[in-house]
Amino acid sequence: MTTPTENPLADLPPSYRPANEEPAILERWLAGDAYQATADDTGDPYSICIPPPNVTAPLHLGHALNNTLQDILTRHARMSGKNAVWLPGTDHAGIATQTVVEKRVLAEEGKRRTDFERDAFVGKIQAWKDEYEATITDQLKQMGCSCDWDRQAFTMDEPRAKAVREAFFQLFKDGLIYRGKRLVNWDPVTQTALADDEVEMKDVDGNFYYLKYPVCDADGNTTGDQVTVATTRPETMLGDTAVAVNPKDEPRAKYIGQFVKLPIADRVIPIIGDDYVVIPDPDSDDSKARMASGFLKVTPAHDPNDYEIGQRHDLDIINVMAPDASISIDHGWPEKENPRAIEGLQPFVGQTREAARKAIVRWFKENDLLAEVKPYRHAVGHSYRSHAAIEPYYSDQWYLKVTDDRLAGAALRALDESQREASSHDAFNAKTPRRQDAKEEPTGPTTGLTFTPPRYAKTFQTWHENIRDWCISRQLWWGHRIPVWHLQPDDSVYTRVFDRRQPKNNQEYADALKEELTVLCNNYMSAWRAESDFIVSVTEDLKCYLCLRSEAAAGAIDLAFRQLSEFELKKLAPGEKPNFADVLPFPDEAKKDAAFDFIEHLIWGKQDPDVLDTWFSSALWPMSTLGWPERTPELDLWNPTSVLCTAREIITLWVSRMVMFNLYFLGQLPFRDVFIHAMIQDGHGQKMSKSLGNGVDPMDIIHSHGADAMRFTLASMTTQTQDVRMPVDMVDPHSGETFTPKFITASGGVKVAAPTQERNGKSMVSSYGLASGEVKPSDNQPLARNTSEKFELGQRFATKLWNATRFALSNLAEAESDAVTSSLSLADKWILSKTVRAIEHADKTLKAYDFHNYAGGLYEFVWNEVCDWYIESVKPDIKSPEAAKSRQALATVLDVSLRLLHPVMPFVTERLWSGLNAVFPQRGVLGLDPVECDELVGAPWPVADRALIDLEAEEVFPKVQHVVGMIREVRAGAKVPPREVVDFSLHMEDAEADRVRPNLHLVETLTNTKMVAVGPDIAKPEGAAVVTGPAGIGYLHVQIDTAEEAERLNKRKAELEKSLKTLDGRLSNEKYTSKAPSHLVQQTRDQRAAAAAELEEVARQLTALE
RNA sequence: GGGUGAUUAGCUCAGUUGGCUAGAGCGACUCGUUUACACCGAGUAGGUCACAGGUUCGAGUCCUGUAUCACCCACCA
């Protein structure tokens, strides 16, 4: 039913300008709550948690890709009738955000973090966060991301903080969080510990220094002998506590048991035997064996291997550095009473690592103790944030025991069997026990974790098989404060415990102390009616910690101790009790005496100043965004989520930890599907990053090409094997011209090469204040917008779709009513059949996360099949009364195309949808009856009846295409003017001709010819051009140059002879005909027959020409 | 040191379990502005599928080795 409206095309402008259309569409979606989901809706649940972008900076193209893919999945799920939700949010990104704010504050105010109170500085970071969270949210909205914005989360907002406290508490209670004094990866610049995966290895040029140590006896009397140790880090020798030799090292093993007198530090240290030491071998393949001296200096406080050796041999651990990695005797130096040592050390104290290294080497040289220096290139860990060299540093940190089978083991077992590699790891023989206080049976899956592409399963597996405990504390201000308070019992508690329990060792002492403190705390807490909200932990060295579950509990205890300090309890006489009653009104008055006991015997320690590693809160994301620890309907419905879509760099940092936590706390996987997509690099294969200045703001691309173009291009570039290269250009804001800056990494700086174009002899780059040569990244904030020609693909496609729709709508609107009965033409049947296949292809590719082929398939369908063939076929007659069915088909094909494309190009399809609705509201053909819908965003996904697949049409239409192709080729070759209508006759076998004959008007339409004869006995008209091909032989009735004709025919002849030779060779091979599948052999025979027939004809025509 | 991926047209990339006479987009060249579209249409050229062996009737595809590039992991003597 065509119901022409007033002038529907008035609001579909002739050319497509995304910037003119997208904002209004976005407005309509947001106002109409198009993205919202509720937990009480029916429909299969579908959920995705956004990988929360860091609030450090605006999003770049990598995010655009990541979020485009998620939006495609979400919109597809929503259209497919699922109860789909996409949960948005951002990550506080502890160290990263704090670092950028520190830099800004230093640049703008000249102040350092330590010039502020903690709360004041956190306020500054909070302001930064607010700014960038708003920017990021706006970027996502403009990209068309259909997140449920009412559910936006932040990893540090109150609901997420609650989840973090709860998770920490439970892990603490279950004994999985412990305090340990270990070597950590210390970043001396940001002065915090880093996790193993926050350390980047870089090759650096260094030296091997060979230092001579005098041998002595146990009392320090030198024997005159010397041993030579080899080291890359001479400055750590101040902390040496042994020299090690391999016991199997024949010539050197005799030194074991002797001592050396450590120079400068004036310390007598033993020579010990340890297998770890590499035996020197100048001919070895191992560079270490070539460089080794056989004597290894052991510095347990400054080298992880030495630490291990130290543990084995019970060596002292002497830290010789301050937290800023300068040489210091105030952080664990044990020999301050040795005046000779102090005197020797004095020149080095306060020097940086680098300066101390030179100074120590100089000292050894001056004292004739430097044997040799050899250059050596080796890998050194650097902070991924400050890029400073990591210092192995001995300090107290909190650890999560991820090595526990309940965590790493469970994660390993979750991996789908089809993706597991053979492994003897213990975890595969174990079974995860149910957690003690898990309240309800989990209903979700615990196994079947599947990676796409599958190779990333190996990364996951290897990581968990070699996992080490996770250092979760960070010495930062921006993050979740660790919910642990340090407790200090007074002496009377220790005495009481010791007297009552008579502990035999430290462990027993610690256990007894823990019980005692638990009773004390319990009394206090129960007076506040807050039982079981705390856990007391006592380490082996009798340090006491109190972990609190809730803010309320923390508040209660904090209140008590604030009062405590006011009363200055210490000043009271022994046994004298202050009167708390007035200031501490306990809910349970009966227990208040016991509560006072608690206050009296504990000196309130402060809350741990450290914060948690950012990834701790990220690990809870699929739970915390859905309301955990509350048992919300959302959590029940949408956890496990449907898929995690991310880049490979955070498989270990994030994916692993989400899997472990979700399994641990909820007993089920956070998701079963993990889709790992490509990374976007710049045109030179370098990773895009803001610091390199090659990061592209998606808003620039939206500005130049439109959001749909960006999305479509990104999706179609994403294949499963390769990273995506995106050459970055810049647009001159004044002239609009594009030029290509070149970015070359050079020691953290960026080189801007001369631009490709120069105007008026003046470099365009320098007109932006960018000189050629080294510039600082911060100088490189482009005034010009970035762009990339890559996005023209999507832009052209959007325009094509726009124009095809305009054509259709103008004809549908102006057409007469469909009173005359009509039937579907060959072209109609063919395109409807292809439409069904397009639906199936989209379904299949989306299910497989094959975005490249989803986008590519629709591009092919719309551009080639619909536009180039179908529309061109129906064009001349589409308005006629007889073409009513064709119009129905055209509208339907357009309808389906818009639906299929909507997930990847939501804006333009939505815009065209309203045009289609206005012009042709009731569409659909038998077998494909799309449900009407006002807005495409809420429209159902098309479902096709396979009965609409028309094999006959799919066979005949290509024959028409063949004939058309033949004619066009000759027309172009013969330089026939396109407007000129030329007669054409087609020589074809009868059976074939019968099938093609009803559709000859198509050939006429598509080639601008007039078909004068078709049949088995068509003779060549005098002087006509010959057209040959698999479809038959035709004669184009034009006068043609004989030489050109012969040349063309000879060329074709050569092609045919070549293929005939190949085919004959195959067929004459008996092994082929006997072993290859019969249908292939038959196909070869058919091909041979066709080629032979055409060759014969070509040869005959050639003879005739001569 | 270990691992993963890549190497296909001038450029950027596809190529599913071996059947290929190797494809697409961009760029190049030739024609063309007939009321959807020059952000277009029609046509053409352009490839020893990195290299060397092997398996097979048949290899871009599987196996082995080599080279180059990228990324990840690894305790800095």
Side-chain angles (χ1 to χ4, degrees), chain A residues 14-16 183 196-197 201 204 206 208-209 229-233 236 244 276-278 286-288 291-293 295-299 302-308 376 378-381 389-390 392 453 455-456 458-459 462-463 466 648-649 651-652 679 681 683 685-687 709 716-717 719 721-727 789-790 792-793 795-800 802-811 848 850 852-853 856 859-860 867-868 871-872 875 965 968-969 971-973 975 977-979 1007-1008 1055 1058-1059 1062-1063 1066 1069-1077 1080 1083-1084 1087 1091:
Chain A
S15 57
Y16 175 51
L183 277 193
D196 292 337
D197 36 45
M201 303 308 284
V204 294
F208 246 106
Y209 301 92
V229 298
T231 179
T232 55
R233 300 197 51 197
T236 63
Y276 173 76
V277 181
V278 175
D286 179 10
S287 65
K288 261 185 193 166
M291 305 296 272
S293 71
F295 295 96
L296 173 66
K297 65 188 268 306
V298 183
T299 324
H302 293 282
D303 184 287
N305 302 309
D306 293 10
Y307 179 79
E308 296 292 323
Y376 184 58
H378 59 135
V380 177
I390 291 298
R455 64 176 179 278
Y456 293 112
K458 191 176 178 180
T459 309
T462 312
W463 167 257
N466 300 305
R648 64 176 172 274
E649 57 188 352
I651 292 175
T652 55
M679 313 248 286
Q681 302 166 335
Q686 287 176 8
K687 195 173 159 181
S716 59
M717 285 176 85
T719 64
T721 49
Q722 284 224 307
D723 285 340
V724 172
R725 282 194 184 197
M726 182 69 68
E789 61 178 23
K790 285 280 173 189
E792 287 170 19
L793 175 77
Q795 190 185 17
R796 275 193 260 261
F797 186 49
T799 306
K800 187 74 180 174
W802 179 271
N803 286 318
T805 307
R806 278 181 59 240
F807 166 79
L809 295 190
S810 66
N811 287 292
D850 183 1
H852 170 260
N853 281 316
Y859 182 93
E860 165 93 12
C867 293
D868 289 348
I871 288 184
E872 293 303 324
K875 199 183 250 179
R968 282 174 173 173
E969 190 181 329
R971 271 193 83 123
K975 300 211 164 41
R979 290 186 186 201
T1007 57
N1008 204 23
E1055 280 172 11
K1058 191 186 162 198
S1059 83
T1062 312
L1063 294 167
R1066 201 177 293 167
N1069 185 338
E1070 264 178 51
K1071 287 179 181 170
Y1072 174 70
T1073 48
S1074 60
K1075 287 193 180 180
L1080 280 172
Q1083 184 186 309
T1084 310
Q1087 284 172 349

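First the proteins, then the strands, lettered A, B, ... as listed; each starts at 1.
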**OP:** Ignoring hydrogens and angles, tell me if any N or O in the side chain of A:R1066 forms a donor-acceptor pair with the backbone of A:T1084 under 3.5 Å.
**Re:** no
Subject >> Distance test, side-chain N/O of A:T719 to OP1/OP2 of B:C13, below 4.0 Å >> reply: no
**OP:** Measure the distance from CZ on A:F797 to C1' on B:C37 and round it to the nearest whole Å.
**Re:** 13 Å
Original post:
With sequence neighbours excluded, what pairs up with A:E860 under the salt bridge (Lys or Arg N to Asp or Glu O under 4.0 Å) test?
Top reply: none
**OP:** Identify whether any heavy atom of A:L183 sits under 4.0 Å from a base atom; if not, whether one sits that close to sugar-phosphate; answer base, sugar-phosphate or nothing.
**Re:** nothing
Subject >> B:A45 versus B:U66 - spacing of their P atoms, nearest Å >> reply: 41 Å
Original post:
Do we see a donor-acceptor contact under 3.5 Å between the side chains of A:R806 and A:N803?
Top reply: yes
Subject >> With sequence neighbours excluded, residues passing side-chain hydrogen bond (donor to acceptor under 3.5 Å, both in side chains) with A:K1058 >> reply: none
Original post:
How far does OG1 of A:T805 sit from CD1 of A:I871, to the nearest 0.5 angstrom?
Top reply: 8.0 Å
**OP:** Taking side-chain hydrogen bond (donor to acceptor under 3.5 Å, both in side chains) as the test, write out the residues that go with A:T799, two or more places apart.
**Re:** none
Subject >> Atom C1', compared across B:G65 and B:A28: separation rounded to whole Å >> reply: 39 Å
Subject >> Residue A:L793, side-chain atoms from C-beta onward, closest of B:G25, B:C39, B:C76 >> reply: B:G25
**OP:** Applying salt bridge (Lys or Arg N to Asp or Glu O under 4.0 Å), name anything that partners A:E308, two or more places apart in sequence or on another chain.
**Re:** none
Subject >> Which nucleotide in B:C76, B:G19, B:A77 has an atom nearest any side-chain atom of A:V380 >> reply: B:C76
Original post:
How should the glycosidic conformation of B:U34 be described, syn or anti, under the criterion that syn lies within 90° of 0?
Top reply: syn
Original post:
5'-most contact on RNA chain B: A:Y456 or A:E789, nearest heavy atom basis?
Top reply: A:Y456
Original post:
In dot-bracket form, how is RNA chain B paired, counting a Watson-Crick or G-U wobble pair only if both its distances are under 3.5 Å and using | for bases paired to another strand?
Top reply: (((((((..((((.....[...)))).(((((.......))))).....(((((..]....))))))))))))....
Original post:
At under 4.0 Å between heavy atoms, what does A:R233 touch on the DNA or RNA strands: base, sugar-phosphate, or nothing?
Top reply: base
**OP:** Say whether, by atom type as modelled, one donor and one acceptor occur between the side chain of A:R648 and the main chain of A:T459 under 3.5 angstrom.
**Re:** no
**OP:** For A:V277, answer base if it contacts any base atom (sugar-phosphate contacts may also be present), sugar-phosphate if it contacts only those atoms, and nothing otherwise; contact means non-hydrogen atoms under 4.0 Å.
**Re:** base
**OP:** Select one nucleotide: of B:A77, B:U56, B:U21, the one nearest the side-chain heavy atoms of A:Y276.
**Re:** B:A77
**OP:** State which residues pass salt bridge (Lys or Arg N to Asp or Glu O under 4.0 Å) with A:E789; sequence neighbours excluded, sorted by chain then number.
**Re:** none
Original post:
Across the strands shown, which category fits A:R971 at heavy-atom distances under 4.0 angstrom: base, sugar-phosphate, nothing?
Top reply: nothing
What nitrogen or oxygen pairs link the protein and nucleotides 29-36 of chain B at under 3.5 Å?
from: B:U34; atom 1: OP1; to: A:R979; atom 2: NH2; distance (Å): 2.1
from: B:A36; atom 1: OP1; to: A:K875; atom 2: NZ; distance (Å): 3.4
from: B:A36; atom 1: O2'; to: A:R806; atom 2: NH1; distance (Å): 2.9
from: B:A36; atom 1: N7; to: A:K875; atom 2: NZ; distance (Å): 3.3
from: B:A36; atom 1: N6; to: A:E872; atom 2: OE2; distance (Å): 2.8
from: B:A36; atom 1: N3; to: A:N803; atom 2: O; distance (Å): 3.2
from: B:A36; atom 1: N3; to: A:A804; atom 2: N; distance (Å): 3.2

**OP:** Can you sort out the partners of A:Y376 under ring-ring contact (aromatic ring centres under 6.0 Å, His included), two or more places apart, ordered by chain and number?
**Re:** A:F208, A:H378
Original post:
Roughly how many Å is it from CG in A:N466 to C1' in B:G3, rounded to a whole number?
Top reply: 12 Å
Original post:
Quick one: are A:V278 and A:M291 in side-chain contact, heavy atoms under 4.5 Å?
Top reply: no
**OP:** Mind checking A:P1077 for me? I need base, sugar-phosphate or nothing, with any heavy atom below 4.0 Å counting as a touch.
**Re:** base
**OP:** Tell me what A:A230 touches on the nucleic acid: a base, only sugar-phosphate, or nothing, going by heavy atoms under 4.0 Å.
**Re:** sugar-phosphate
Original post:
Taking the side chain of A:Q1087 as its heavy atoms from C-beta onward, which of B:A14, B:A77, B:U21 lies nearest to it?
Top reply: B:U21
**OP:** Could you pull out all residues at least two apart from A:Y859 that satisfy ring-ring contact (aromatic ring centres under 6.0 Å, His included)?
**Re:** A:F797, A:W863
Distances for protein N/O vs nucleotides 22-24 of chain B N/O pairs under 3.5 angstrom?
none

**OP:** Determine the interatomic distance between C1' on B:G53 and the same-named atom on B:A67; round to the nearest Å.
**Re:** 15 Å
Subject >> A:R796 side chain, from C-beta outward: closest of B:C39, B:G43, B:A14 >> reply: B:C39
**OP:** Using side-chain hydrogen bond (donor to acceptor under 3.5 Å, both in side chains) as the criterion, list what pairs up with A:Y209, not counting sequence neighbours.
**Re:** A:N207
Original post:
Given B:C57, B:U44, B:A77, which nucleotide is nearest the side-chain atoms of A:F208?
Top reply: B:A77
Original post:
Between B:G25 atom C1' and A:M717 atom CE, what is the distance in whole Å?
Top reply: 11 Å
Original post:
For the pair made of NE2 in A:H852 and P in B:G25, what is the distance, rounded to whole Å?
Top reply: 12 Å
**OP:** Please work out if A:Y209 contacts a base, only the sugar-phosphate, or nothing of the nucleic acid, heavy-atom cut-off 4.0 Å.
**Re:** nothing
Original post:
Of A:T231 and A:Y16, whose closest RNA chain B nucleotide lies nearer the 5' terminus?
Top reply: A:Y16
Subject >> Gap between atoms CG and P, on A:D306 and B:A77 respectively (whole Å) >> reply: 9 Å
Original post:
Can you check whether A:T299's main-chain N or O pairs, donor with acceptor, with A:D303's side chain at less than 3.5 Å?
Top reply: no
**OP:** Between B:U48 and B:G3, how far apart are the C1' atoms? Round to whole Å, please.
**Re:** 32 Å
Original post:
Given the P atoms of B:U30 and B:U35, what is the spacing between them in whole Å?
Top reply: 25 Å
Original post:
Atom CE of A:M679 to atom C1' of B:A70: distance rounded to whole Å?
Top reply: 11 Å
Subject >> With sequence neighbours excluded, residues passing salt bridge (Lys or Arg N to Asp or Glu O under 4.0 Å) with A:R233 >> reply: A:E235, A:E391
Subject >> Rounded distance in Å between the C1' positions of B:G15 and B:G60 >> reply: 8 Å
Original post:
Which whole number of Å gives the distance between the C1' atom of B:U4 and that of B:C20?
Top reply: 29 Å
Original post:
For the side chain of A:N305 and the base of B:C75, is some donor closer than 3.5 Å to an acceptor across the two?
Top reply: yes
Subject >> A:R455 CZ - B:G3 P separation (whole Å) >> reply: 17 Å
**OP:** Taking atom P in both B:A52 and B:U61, compute the distance separating them and give it to the nearest angstrom.
**Re:** 13 Å
